[in-house]
Structures are given as structure tokens and as C-alpha cells.
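To keep things clear, I will list the structure first and then write my remarks on it.
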Amino acid sequence: MSDTVMDATPAAGRPAHTKLASRHLPRWSPLAIAAGAIVVAVAIGAGAGLSSHIQWGLIALLLFVGGSYAITAQVEGRRQAKDRVATSLVWSSFILAVIPLYSLVETTIKKGAGVIDGTFLTHSMNNVLTLQPGGGVYHAIIGTLEQVGIAAVIATPIGLLTAVYLVEYGKGRLAKWVTFFVDVMTGVPSIVAGLFILSIWFVLLDKAPANGFAGSLALAILMLPVVVRSTEEMLKLVPNELREASLALGVPKWRTIVKVVVPTSIGGITTGVMLAVARIAGESAPIALLVFGSNVINTDPFHDPQSSLPYYIYEQYKNGNEPSYARAWGAALVLIAFVMILNLVARAIARWKAPKHQ
Amino acid sequence: MTTTAPPPTKPEPHRATGPVTRPGDRIFAGMARGSGIALLVVMAAIAAFLTVRAVHAISKDHGNFLTTFEWTPSLNPPVFGIAVLAYGTVVSAIIAMVIAVPIALGIALFITHYAPRRLGGPIAYVIDLLAAVPSIIYGLWGALFLVPHMRGLNLWLDDYLGWTVIFHKEDPNSAARSLFTVGILLAIMVLPIITNVSREVINQVPKMHQEAALALGATRWEVIRLSVLPFARSGIISASMLGLGRALGETMAVATVLSASPTLSAHILDPVGGTFSQNIVAKFGEADDFGRDALIASGLVLFLITLLVNGAARIIIQRRKEYSGANA
């Protein structure tokens, strides 16, 4: 033993080194304390007849935190004990958050996967009683695609130009105001955007809207600030040397922007737009106020009510019976898949087109 | 050296014309500026249009708009007020914040300081993705999965903490469609956004500060408490306020979970109460034109509240940007 340890032996016994080489708990001690806490918690839980396993978990957590503090304080000192408590709190907050988020995804996939088949994706709810199984989301998919498409067509150019203004032209008070209100607009609740479009219809046409286009306008308002913010970040990444080189060749500023600045950052801009589309594709509140939903296929976004995937889920939930719940889970899985695919593709584009640093 | 005399005469004509502006430049700059102005106009129009309809509705309200509990604009004379809605919105948002902020901060620290290096990136990516899950899906999950699972916790809280009045449950057998459950669901929903923003701020804490603290013998927790948190505090506050703004305005998740009634109750486990956006969606279908104006009035109040919260958050962030030299 003593000849294998090279530098510890001469230091042993010296008072100056005892502080540095103070007593340590072995590395497996957190695991041991955790196991002990769980055993005691199960004993308490079973003994007191607590039915909910959440309570067992909470008792175990308390025992673990308290136990590791007490033991560490005895062996290593109070500062180390506090550090252990902080570590276990950070870890447990992570685990605490993962449980519901995992459960959400798992439930949706488990309950939705059984519902989705060819019929579900290619049929509407026309002539399907809410109490009977069957029917599908075809009309809702069409509604979502059209409404989101129109919203994107409206919001993308305005958003791009606003970002160009902020990065390339914006100086002075107007730019400051625009920047501030883009930020504030990000936080406008979707229901307020819906009410705004509704009040426009009331004031100008004196009636309530009931078509996909009104919904698209509300979605465009929600999409606009997201597009501006992400495009702005991307344009800022374009090196100034590129702009200067182009201007030095005598190229007008607007052509520099269109031919040099925007193409350089087009990958990031596309990502931003796609993330914004993914965000508004899941909005149901404005649809509830402006588009009303429908059970039949309506391909005309400018006349008559339409459905949309998120609103369809809400409608099916409101029906309050098992076949409708099943349809709601099915539609939820379709929607989540749509949004996640948009997200993953967008992030892949961002990674693929990212400016390479040397 | 001999050519020093001519140059001063040559550049002058160039300088006199100033920068060349072509029609294309003027049109493009005008379009860009116009888009920026259009955005401001939209924000102003939201406030203006909502106010016009809201004033129209409130002027005919026979109750006090701020203190009335009921929402019955279809009565003659119409009586409606936002007391219950404002209370429910604020209480559910407070519950959400109390739960979400510490946990989100914990996850952010976990990703930046505690998780193994290789795990941190993927975890941050997944949390990013979770921020994109549509709110209606949280609502569906909340109503069909979370509500039944909240029963045990509700009973336990009622048994042991019922004496605090807050956790007293009127009817122990009623479903957990309460403001408390809504608060928990909102906490889960705003968790990703608070985590993401806090994580970005914490990542900006200068490495030097942390290494200096470590070199002085600080434990990991002391490094976080002494050098990370003070630097990131304003960023974490504004991240929380962004989350708060989202919790205040959330519609569908509340509409599916809460069983609403015009009762203002301190017992957060009872299935009563309402929030602004939940009330709008729930009452919209059966409302006549005047009823919709009344709902627009409540929407205006919600708009102003979120405007205040978000504006304050942004001002805090901007101040921080100006004063911290560490970003450069």
C-alpha cells in the first residue's frame, strides 16, 4: 500500500495538509443515500397507507435531501453539505420537469397511434355522429394548410422587410420603437389577435367573420414578430466586409441587400420562417373566434367556415365521449408530427446552411 | 510628394454630389421603412379597434365592469364584470410562476453546470422542441390525463393543509378542474420558454468570474451563488416575465381544464372561477353581437396586462444589454 502511493505518504500527519486532504465521502455515497431514502419512503408510504405514488416520491426526495445534508455536514463540513443539497435540488428539478413532458408525448403517441389510419387521414367528419367512431381529419388538415399558408404569405414579406429595415437602414427613434414593439408583439396573446380581427370586421363590415381568411389575418399578426426577430438575428450575422465589398464595386445598396446580404443568410431566414409557421399551426384560439370550424370539406378559405387541426381537437374534446376523445388524440398526434417535422427540418437547414467559422 | 497639389481639387466634385441615391434605392428603403411603420400601425390598430368596441360595450353595462362577478351581457339590462376573471387569471399565473421559475432555473443550471457535457446539448435541444408543442395538446393532456391524476394530491393537500384556507376543498369528491390544476398545467407549458431564455443568459456569464471563484476554493454551489446568479439575475427575471406573459394569455389549455363558474373563491382546489381568455372562448359561441363586444372589452384588459408585463420584461433586458460589457 505505502509504496504505491507516491505523494500522499510524506504529507501524512502534517497539520498544514490535513485541511486540503480533509475527509471525503466515497463517490457512491449519493447513490447509497438515495437507495436508503427510497426504502424508508416506501416503508413510510406503505405503513401510513398513502395511495398516491407521487407522495411516496416526494417523501423519498425530502429524505434524500435531508439525509445527504446531515451526513455530508457530519463528514465534510457545512459548505460541502450545502453544495450537495444544491446539486440534488438541481437534479431533482430536472427529473421533476421531465416526467410531465415525457408523459405528454407518450400519452399522445400511445392514444393517437391506434386511431390514425388511411381512413382517418382522408375523410372528413361529414355525416359522422359524434358518438360513433370513424370520421377523420382531412377537412381540418386542408383548413390548417390553407390558413397557415395565407398567413405565411402575408407575414413573411412584411417581416423580412421590417428586419431589413432594422438591420440595414434603421437608425434613430423609429427603429427603436419598431424594435421595442416587435418584442412586445411577441407577447400578444393569440386570443387578443383573434379579438382584434373580430373588431375590425365589426367596425368595417358590421358583422362577424366566418371564413378561413379572417383566421389567417390573426395568425399573420402572431407570426410577424417571430419572423422579424429571427431574420434580424440572421442578417446581423452577415459580415460587414461582404456589404463593403459589394458597395465598393459600385453596386447600389438595395441590390447589395437583395443579391449579397439576403442570399448569405437565406438558410437562417428559412429556418426562422419555418419555426414561425410551426408556431402558428398550433394556434386554435383565433380559429375559434373567426373561422368557427366545420364538419365538411371546404377548400375555399374566403367563404364559409373551415376547420383546422388544433380547433378540431378542441371540438372533439368538447363532445365529451370516448370516440371523440380518440379522434382528438389522433388529430393531436397528426398535429404534433406536423409541427415537429417542421421544427426538425428547420433546424437541419439552419445547421446545414450555418456560416462556417474557418 | 509632388502630386500633393492636384488631389484636393479632384475629390471635390465627388464629395459635392454626396452618396449616390438611385430610384431603386429609394423605393427599396421606402418599402423597408414602410413595413416597419406597418408593424407599429398594427399594434396601434389593435389598441384602437379593441378600445372602440370595448367602450361601446362598457357604456351599456349596468354592473360595475371592474367589480361585478357575473358575465351575463345577454340579460336586459346587461350585467357583466371582470372581477372573477381577473382574479382567476392572476391566481393561476402566480401558481404557475411559483412552480415554474425555480424548476426552470434548476433545469437551466442543470444543462449549463451539472449535466455531463455530452448530455447538456441534446437536453437543451429537446427542451427547445417542447416549447413548440401546441397549447391545445397541453390542454387535451391536462384535461384527460392530469385532472384524474391530480385527485390524490388534492385530497392530501386538503387533509393536511386544509387549515390554510387556500388548500381547503369544499367538496372532496369534485373533479380537480380547479385553478390549482390550471396553474400546474401552465407551469409545465411555460417551463421550456423560461428555461431557454435563462440558459442563454447563464451561458453568457464570463468564464473568468467562475474560474476565479473556483480558484479561491468555492464549491460548485458557491460559484453559482456568488458569480453566476448575480450576473444572470436580470436575465432570469425577464425570462420569468416572458413566461408570465404567456401564462396570462394562455387560452385553450385553461378552457379545456377549468370548470368555470362566476364564483370568486380563495379555495384554489375548488373547481370554480375563470380566466379572461377561457371566458372568451367559452362564451363566444352563444354570444350575440353585444355579447361579443363585451368579450372584446375583457380582451382589451388582458391585452393591456400582457402589454405591461412584456414591456417591463423587455425594458429590463435592454437595460442589461447596455450595462453589461461582458457580452462583447
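Proteins come first, then strands; the chains are lettered A, B, ... in the order of their sequence lines, and each starts at number 1. This one's a predicted model, so the numbers in the text were calculated from it and none came from an experiment.
- Counting heavy atoms from C-beta on, the side chains of A:Tyr312 and A:Leu335 never come closer than 4.5 Å.
- Heavy atoms closer than 4.5 Å to chain A are found in the side chain of B:Phe284, but not in its backbone.
- Among A:Ala86, A:Pro252, A:Pro310, A:Pro157, the residue making the largest number of heavy-atom pairs under 4.5 Å with chain B is A:Pro252.
- Interface remark: of the candidates B:Leu295, B:Leu300, B:Ile188, B:Leu242, B:Ile188 forms the most heavy-atom pairs closer than 4.5 Å to chain A.
- Between chain B and the options A:Val164, A:Leu224, A:Ile200, A:Val184, heavy-atom pairs under 4.5 Å are most frequent for A:Ile200.
- For B:Ile46, the parts sitting under 4.5 Å from any heavy atom of chain A are the backbone and the side chain alike.
- Under the 4.5 Å side-chain criterion, counting only non-hydrogen atoms from C-beta, A:Arg229 is not in contact with A:Thr186.
- Here B:Leu144 is the residue among B:Thr195, B:Leu144, B:Val309 with the most heavy-atom pairs under 4.5 Å with chain A.
- At a 4.5 Å heavy-atom cutoff, the contact between A:Ile257 and chain B is made by side-chain atoms alone.
- Taking chain A as the reference chain and counting heavy-atom pairs below 4.5 Å, the highest number among B:Met252, B:Arg292, B:Arg26 is found for B:Met252.
- Among A:Leu289, A:Val182, A:Ile158, the residue making the largest number of heavy-atom pairs under 4.5 Å with chain B is A:Leu289.
- Ring pair A:Phe180/A:Trp177 is perpendicular by interplanar angle, where above 60° counts as perpendicular and below 30° as parallel.
- The side-chain heavy atoms of B:Val301 and B:Ser298, taken from C-beta on, include no pair separated by under 4.5 Å.
- Comparing B:Leu50, B:Ile37, B:Val126, B:Ile27 by heavy-atom pairs within less than 4.5 Å of chain A, the highest count is held by B:Leu50.
- In the model, A:Trp329 has no side-chain atom that pairs as donor or acceptor with a side-chain atom of A:Thr107 under 3.5 Å.
- Heavy atoms of B:Thr251 lying under 4.5 Å from chain A belong exclusively to its side chain.
- Centroid-to-centroid, the aromatic rings of A:Trp91 and B:Phe110 come within less than 6.0 Å.
- The candidate from A:Thr108, A:Thr87, A:Val98 with the greatest count of non-hydrogen atom pairs under 4.5 Å with chain B is A:Thr87.
- No side-chain heavy atom of A:Met274 sits under 4.5 Å from any side-chain heavy atom of A:Leu344.
- Put simply, of B:Ala132, B:Gly245, B:Gly34, the one with the most heavy-atom pairs under 4.5 Å next to chain A is B:Ala132.
- Looking only at distances, no side-chain donor or acceptor of A:Gln80 sits under 3.5 Å from a matching main-chain atom of A:Gly77.
- Counting heavy-atom pairs closer than 4.5 Å to chain A, the top-ranked of the candidates B:Leu130, B:Leu109, B:Val52, B:Leu248 is B:Leu130.
- Both the backbone and the side chain of B:Arg33 come within less than 4.5 Å of a heavy atom in chain A.
- For A:Ser92, no part lies under 4.5 angstrom from a heavy atom of chain B.
- In this structure, chain A has heavy atoms under 4.5 Å from both the backbone and the side chain of B:Ala45.
- With a 4.5 Å cut-off on non-hydrogen atoms, B:Ile137 touches chain A through its backbone and its side chain both.
- With 3.5 Å as the limit, one finds a donor-acceptor pair spanning the side chains of A:Ser190 and A:Glu283.
- Both the backbone and the side chain of B:Leu140 have a heavy atom closer than 4.5 Å to some heavy atom of chain A.
- Taking the side chain as every heavy atom from C-beta outward, A:Leu101 and A:Val105 never approach each other to under 4.5 Å.
- With a 4.5 Å cut-off on non-hydrogen atoms, A:Tyr314 touches chain B through its backbone and its side chain both.
- Only the side chain of B:Phe145 comes within contact range of chain A, judged by heavy atoms closer than 4.5 Å.
- Counting heavy-atom pairs under 4.5 Å between each of A:Val203, A:Leu275, A:Ile221, A:Asn343 and chain B puts A:Val203 at the top.
- Between B:Leu185 and B:Thr181, every side-chain heavy-atom pair lies at or beyond the 4.5 Å cut-off.
- For a residue to count as touching a neighbouring chain, one of its non-hydrogen atoms must lie under 4.5 Å from one of that chain's; by this rule A:Arg279 does not touch chain B.
- Of the atoms belonging to A:Arg347, it is side-chain heavy atoms, and not backbone ones, that fall under 4.5 Å from chain B.
- The main-chain N or O of B:Ala108 is found under 3.5 Å from a side-chain atom of B:Thr112 such that the two form a donor-acceptor pair.
- Heavy-atom pairs under 4.5 Å with chain B peak, among A:Leu174, A:Leu96, A:Val85, at A:Leu174.
- Interface remark: B:Thr256 contributes backbone and side-chain atoms alike to the contact with chain A (heavy atom separation under 4.5 Å).
- For the pair A:Lys111 and A:Tyr325, the cation does not sit on the ring face, since its NZ or CZ is not both under 6.0 Å from the ring centre and inside 45° of the axis.
- B:Val190 places none of its side-chain heavy atoms less than 4.5 Å from the side chain of B:Glu250.
- Note: B:Phe290 and B:His56 have perpendicular aromatic rings, judged against thresholds of 30 and 60 degrees for the angle between ring planes.
- Only the side chain of B:Tyr125 comes within contact range of chain A, judged by heavy atoms closer than 4.5 Å.
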